[in-house]
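Note that these values count all heavy atoms, side chains included, but never hydrogens, waters or copies made by symmetry. All values derive from a computational prediction rather than experimental measurement.
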Amino acid sequence: MANITLKEIAHSYTGESENPDDFALKRLDLTWRDGGAYALLGPSGCGKTTLLNIISGLLIPTRGQILFNDQDVTRLSTEQRNIAQIFQFPVIYDTMTVFENLAFPLKNRGRSKKEIEPRVIALAQMLGLENSLHTKAQHLTADLKQKISLGRGLIRQSVNAILFDEPLTVIDPQMKWELRSQLKHLHKKFGFTMIYVTHDQTEALTFADEVVVMYEGKIVQVGTPEELFEKPAHTFVGYFIGSPGMNIVPCELQGRTALVKGQSIDLGTSYASPTSKNVKLGVRPEHLSLNPPGEEGLPVRIVKVDDIGRHKIVKVALDDAIFNVIMPEVAAMTGDMGSLVMSSDHVNIYVDENRVTGGTL
Ligand code: ADP
Ligand code: MG
């Protein structure tokens, strides 16, 4: 097993080009630690599959190198890289039985029947395929077929990494949860490097120790679920993670004060004056609260209250800047005005969509 390093990787499907717009992947540098459980998260079309295929060797990048430890593998095949990849839709042999499909990657490498059999049976049990072992794959439903695909990816114990490309798309929701926890369990047990691609934040946050967030062909943040939540490095991460996402509103900086619609918000620390006009303040709905009108806070109008069971989501307006506030069940709202309270510890400042930190003035 190995650390996987992407060095100045960029990819254009139309070949080398001067035009940055031609690149589905912009330049990126990243190391995936040996044994890490990673999620690669981002909206459809942002370049997740492209990146995964470059790691596995299905695609040779237009620019840059891939290193396994210090070895340059940029031009090696998936087989030579010793990587298992599981795709969005099942890739199996229809005319083979479930047993034969699962055994294939081992048989192909000349392993003995004595080694193969117990491993196939154990894996089939884990995936809930034990009752179909001798059924031909073509007679199975789409989700059972996808479980075979997962099994084929997981059967070998000596791989450099296992890459999953939205593998649970065709699996029903209850089973999804089960399979995801099985994968996590397998990761703990065997310590494979796993990279799990998804556009679903819940899947990413529950599976991974570290999440790589992509947006428009770039990596915008690598962090633990907590870092993505508390300190989104890019406004996109703030908006994409969380339900609802981070409130992001234009502001002006004046030392340790942010002005939003003419109202002052204390930032606790002083910020240098940015040259760009694109300055925003971001704060999560979980970190806001409402006082009755007249009490401490910014004067806001209550636009809407959504009761979503565990808590309420209150939409408020400061002039025309909208904030979502997550409130506990107990809070009873009267009237249509309130005072919005935010603590400076949880306020993030963005210049040109990237998070900046204040000084200690
Ligand atoms: P994701 O997996 O995040 O949905 P992809 O990596 O599949 O994103 O796609 C990234 C971008 O590259 C998209 O704009 C997509 O249209 C383009 N793209 C993907 N595959 C090809 C291809 N084989 N040829 C040309 N363009 C492609
Ligand atoms: Mg994809």
task: Please examine the side chains of M175 and K147, heavy atoms only from C-beta on, and report whether any two atoms are closer than 4.5 Å.
output: yes
task: Report the C-alpha distance between K231 and E227 in whole Å, list the side-chain angles of each, state the deciding distance to 0.1 Å, and finish with yes or no for salt bridge (charged side-chain N to carboxylate O under 4.0 Å, His left out).
output: CA-CA 5 Å; K231 296 184 169 27; E227 285 163 349; over 6 Å; no
- request: Side-chain contact test, heavy atoms from C-beta onward, threshold under 4.5 Å: evaluate it for Q125 versus I121 and give yes or no.
  value: yes
field: Result of checking T169, V170, L168, T49 against Q88 for side chain to side chain contact (heavy atoms under 4.5 Å, CB included)
entry: T169
From N324 atom CG to K312 atom NZ, the distance as rounded to the nearest 0.5 Å: 15.0 Å
Heavy-atom check, side chain of L253 versus side chain of P274, under 4.5 Å: yes
message: Distance check, rounded to the nearest 0.5 Å: N131 atom CG versus H134 atom NE2?
response: 10.5 Å
message: Could you walk me through whether V197 and F164 satisfy the side-chain contact (heavy atoms from CB on, under 4.5 Å) test, starting with their C-alpha distance in whole Å, then the side-chain angles of each, then the deciding distance to 0.1 Å, before giving a yes or no?
response: CA-CA 6 Å; V197 168; F164 302 89; over 6 Å; no
- prompt: Rounded to the nearest 0.5 Å, how far apart are OG1 of T78 and CD1 of I55?
  reply: 11.5 Å
- request: Show which residues join F240 in its hydrophobic cluster (side-chain heavy-atom contacts under 4.5 Å, direct or indirect), or state none.
  value: L41, L205, V211, V213, Y215, V220, L228, F236, V237, Y239, I241, M246, I248, Y350
- request: Kindly indicate, with the supporting measurements, whether the criterion salt bridge (charged side-chain N to carboxylate O under 4.0 Å, His left out) is fulfilled by K261 and D320.
  value: CA-CA 8 Å; K261 304 293 166 193; D320 61 354; 2.8 Å; yes
- prompt: After noting the C-alpha distance and the side-chain angles of D29 and R27, does the key distance pass the salt bridge (charged side-chain N to carboxylate O under 4.0 Å, His left out) rule?
  reply: CA-CA 7 Å; D29 289 270; R27 181 191 145 143; 3.1 Å; yes
field: Heavy-atom neighbours of Q80 CD exceed 12 at 6.0 Å
entry: yes
- request: Grab the two heavy atoms, one from F207 and one from K184, that are nearest each other, plus how far apart they are.
  value: O-NZ, 3.1 Å
task: Could you verify whether a donor N or O on one side chain and an acceptor N or O on the other, from Q221 and H234, lie under 3.5 Å apart?
output: no
query: Should we say atom NZ of K176 is surrounded by more than 12 heavy atoms from elsewhere, each under 6.0 Å from it?
result: yes
- request: Identify whether the distance between the nearest side-chain nitrogen and carboxylate oxygen of R301 and D336 falls below 4.0 Å.
  value: no
field: Side-chain touch T257/I265, heavy atoms, less than 4.5 angstrom
entry: no
message: Taking transitive links into account, so neighbours of neighbours count too, which hydrophobic residues share a cluster with L67 at under 4.5 Å side-chain distance?
response: none
field: Side-chain donor-acceptor pair present, S112, E115, cut-off under 3.5 Å
entry: no
- prompt: What are the two closest non-hydrogen atoms of L183 and L154, and how far apart are they?
  reply: CD2-CD1, 3.9 Å
query: Are a donor atom and an acceptor atom from the side chains of S276 and N278 found within less than 3.5 Å of each other?
result: no
- request: Indicate yes or no: at least one non-hydrogen side-chain atom of P105 is less than 4.5 angstrom from one of R156.
  value: yes
Give every donor-acceptor pair under 3.5 Å between a side-chain atom in residues 18-25 and any protein atom, sequence neighbours left out.
{"from": "N19", "atom 1": "OD1", "to": "D21", "atom 2": "N", "distance (Å)": "2.9"}
{"from": "D22", "atom 1": "OD2", "to": "S17", "atom 2": "OG", "distance (Å)": "2.6"}

task: Indicate the atoms forming the closest heavy-atom contact of A2 with T193, along with that distance.
output: O-OG1, 4.2 Å
query: Does the ring center of F104 lie less than 6.0 Å from the ring center of Y93?
result: yes
query: Is there a side chain to side chain donor-acceptor pair (under 3.5 Å) between R355 and N348 once you walk through the steps?
result: CA-CA 7 Å; R355 184 170 179 273; N348 291 283; 2.5 Å; yes
- prompt: Is the closest side-chain donor-acceptor distance between S56 and Q85 under 3.5 Å?
  reply: yes
- request: Report yes if the side chains of W177 and D172 come closer than 4.5 Å at any heavy-atom pair, otherwise no.
  value: no
query: Take atom CD in Q157; do more than 12 heavy atoms of anything else shown fall under 6.0 Å from it?
result: yes
query: How about M214 and C46: do any of their side-chain heavy atoms sit closer than 4.5 Å?
result: yes
message: Regarding K26 and E216, does a basic nitrogen lie under 4.0 Å from an acidic carboxylate oxygen?
response: no
- prompt: Do F190 and F192 have ring centres separated by under 6.0 Å?
  reply: yes
message: Could you measure the distance from the CG atom of L28 to the NE2 atom of H11? Nearest 0.5 Å is fine.
response: 12.0 Å
message: So does I155 get a backbone contact from the side chain of R119, meaning a donor-acceptor N/O pair under 3.5 Å?
response: yes
message: Determine whether E100 and K107 satisfy the following criterion, salt bridge (charged side-chain N to carboxylate O under 4.0 Å, His left out), listing intermediate values before the conclusion.
response: CA-CA 9 Å; E100 288 162 343; K107 209 171 159 195; over 6 Å; no
- prompt: Does the side chain of L259 reach to within under 4.5 Å of the side chain of C251, using non-hydrogen atoms?
  reply: no
- prompt: How about D345: does its CG atom have over 12 heavy atoms from other parts shown lying under 6.0 Å from it?
  reply: yes
- line: To the nearest 0.5 Å, atom CG of L290 lies from atom CD1 of I302 at 5.5 Å
message: Whether R284 engages the ring of F229 as a cation-pi pair (distance to the six-membered ring centre under 6.0 angstrom, angle to the ring normal within 45°) should be assessed.
response: yes
- request: Calculate, to the nearest 0.5 Å, the distance between atoms CZ and OG belonging to R75 and S77 respectively.
  value: 13.5 Å
